[in-house]
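Working notes, structure below.
These numbers come from the heavy atoms of this one structure, side chains and all, not from hydrogens, waters or symmetry mates. Note that the structure is a prediction, hence the values are computed from the model and not measured. Along the sequence shown, the residues carry numbers beginning at 1.
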Amino acid sequence: MTSNCASVSPGVEISDDDDAAIYFSSGTTGFPKAILHNHRSLMHACQVEQNHYGQTKDDVFLCIPPLYHTGAKMHWFGSLLTGGKAVLLKGVNPETILQTISKKKCTIVWLLVPWALDILEALDNGNVKLENYQLNQWRLMHIGAQPVPQSLIRRWKTYFPHHLYDTNYGLSESLGPGCVHLGVENIQKIGAIGILGYGWEVKIVDEHGECVSQDEIGELAVKGPSVMKCYYRNPEATTEVLHNG
């Protein structure tokens, strides 16, 4: 209804530091918390993905999880930055996934471990046959959001030997995946969480915030442009987790 819209610009200036989005923590260690990010944070997520995987306008990203899931959405952002298309899929059975990849010519697909296992089981028992689909354009398989068994990737590569593969570590407070990732060149290191991502700083610290020595157990700390501004209207929780940026 353009008749109800003003014909002049409202003159509102928006900066990279302005609030842009709220995502919610999963609540695995307590009640879910609202996480506030600014525009710079979202833009950096786009740049991380594009730097890691070189998306172009010709890539087609298959997004299966809901868009409130920062993992799937931020993987999509690499294509968003370069004008690549995305396909939003409702339904996660192997036939639906492979039919969509084939029909929509998807080149990048982000899977959870159960979905990848379902595809492998369907291939193993003959319920799905690769020759029934057009999959040559599928170049990259993301997987993550939970530990990925080495055996899964070995099985996957027997069916899809030419796929690039990467697993990522991230959290909603750092706007999803990519602050740490295995890297497509390090597939022989399956089981490791990987190396620091583009534009990120990482360290392993003890309970006092001091860096641990090699082979000592500690907690991962991340720093970069996509660290949250705060837990929305929760300064106590923010103070607990944010230290020196």
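The side chain to side chain donor-acceptor pair (under 3.5 Å) test applied to N127 returns N125, not counting sequence neighbours. Partners of Q188 according to the side chain to side chain contact (heavy atoms under 4.5 Å, CB included) rule, which considers only residues two or more places apart in sequence or in another chain, are N186. Residues passing the side chain to side chain donor-acceptor pair (under 3.5 Å) test with D17, sequence neighbours excluded: R40. Judged as a side chain to side chain donor-acceptor pair (under 3.5 Å), and not counting sequence neighbours, the contacts of E173 are Y231.
Side-chain atoms of I35 and H37, non-hydrogen and from C-beta on, do get closer than 4.5 Å to each other. Two residues are said to be in side-chain contact when any heavy atoms from C-beta on lie closer than 4.5 Å; K33 and F24 fail this criterion. Residues V109 and F61 are not in side-chain contact: their nearest non-hydrogen atoms beyond the backbone lie 4.5 Å or more apart. In this structure, I143 and V113 have side chains that are in contact, with non-hydrogen atoms separated by less than 4.5 Å. At a threshold of 4.5 Å between non-hydrogen side-chain atoms, the residues W138 and M141 count as touching. In this structure, I97 and L89 have side chains that are in contact, with non-hydrogen atoms separated by less than 4.5 Å.
Distance alone, capped at 3.5 Å, is enough to place a donor-acceptor pair between the T239 side chain and the P235 backbone.
Atom CE of M228 is separated from atom OG of S25 by 9.0 Å, given to the nearest 0.5 angstrom. Here the CD1 atom belonging to I187 is positioned 11.0 Å from the NE2 atom belonging to H163, to the nearest 0.5 angstrom. The NZ atom of K90 sits 14.5 Å away from the CD1 atom of I64 when rounded to the nearest 0.5 Å. Between the SG atom in C179 and the CG atom in L171 there is a gap of 6.0 Å [rounded to 0.5 Å]. Atom OG of S174 is separated from atom CG of L220 by 9.0 Å, given to the nearest 0.5 angstrom.
Under a hydrophobic-cluster definition in which Ile, Leu, Val, Met, Phe, Trp and Tyr are linked whenever side-chain heavy atoms come within less than 4.5 Å, directly or via other members, M43 and V48 are assigned to different clusters. In the hydrophobic clustering of ILVMFWY residues, with side-chain heavy atoms under 4.5 Å counting as a link, L67 and L111 come out together. Under the 4.5 Å side-chain heavy-atom criterion for grouping Ile, Leu, Val, Met, Phe, Trp and Tyr, L36 is not connected to F31 through any hydrophobic cluster. Follow the hydrophobic side-chain contacts under 4.5 Å out from I153 and you reach L135 in the same cluster.
No side-chain N or O of N38 forms a donor-acceptor pair with one of S41 less than 3.5 Å apart. Checked by atom type, the side-chain pair D59/S79 shows no donor-acceptor distance below 3.5 Å.
In this structure, M74 belongs to a hydrophobic cluster whose other members, linked by side-chain heavy atoms under 4.5 Å apart, are Y23, L42, F77, L80, L175.
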Pairs of donor and acceptor atoms involving the side chains of residues 193-215, under 3.5 Å and at least two apart or interchain, shall be tabulated with distances.
unit_1	atom_1	unit_2	atom_2	d
D206	OD1	H208	N	2.9
D206	OD1	G209	N	3.1
D206	OD1	E210	N	2.9

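A side chain to side chain contact (heavy atoms under 4.5 Å, CB included) with L62 holds for exactly one of I101, T107, L88; it is I101. Of the candidates Q55, Q137, E49, Q55 is the only one forming a side chain to side chain contact (heavy atoms under 4.5 Å, CB included) with I108.
Under the 6.0 Å cut-off for aromatic ring centres, W76 and H69 do not qualify, their centroids lying 6.0 Å or more apart. For Y165 and W156, the ring centers sit 6.0 Å or farther from each other.
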Checklist entry - So H142 and D166, side-chain hydrogen bond (donor to acceptor under 3.5 Å, both in side chains) or not? Walk me through it. => result CA-CA 5 Å; H142 286 295; D166 200 6; 5.3 Å; no
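For H243, the NE2 atom counts as densely surrounded, since its 6.0 Å shell holds more than 12 non-hydrogen atoms of other residues, nucleotides or ligands.
Between W110 and W115, the ring-plane angle classifies as perpendicular under the 30° and 60° cut-offs.
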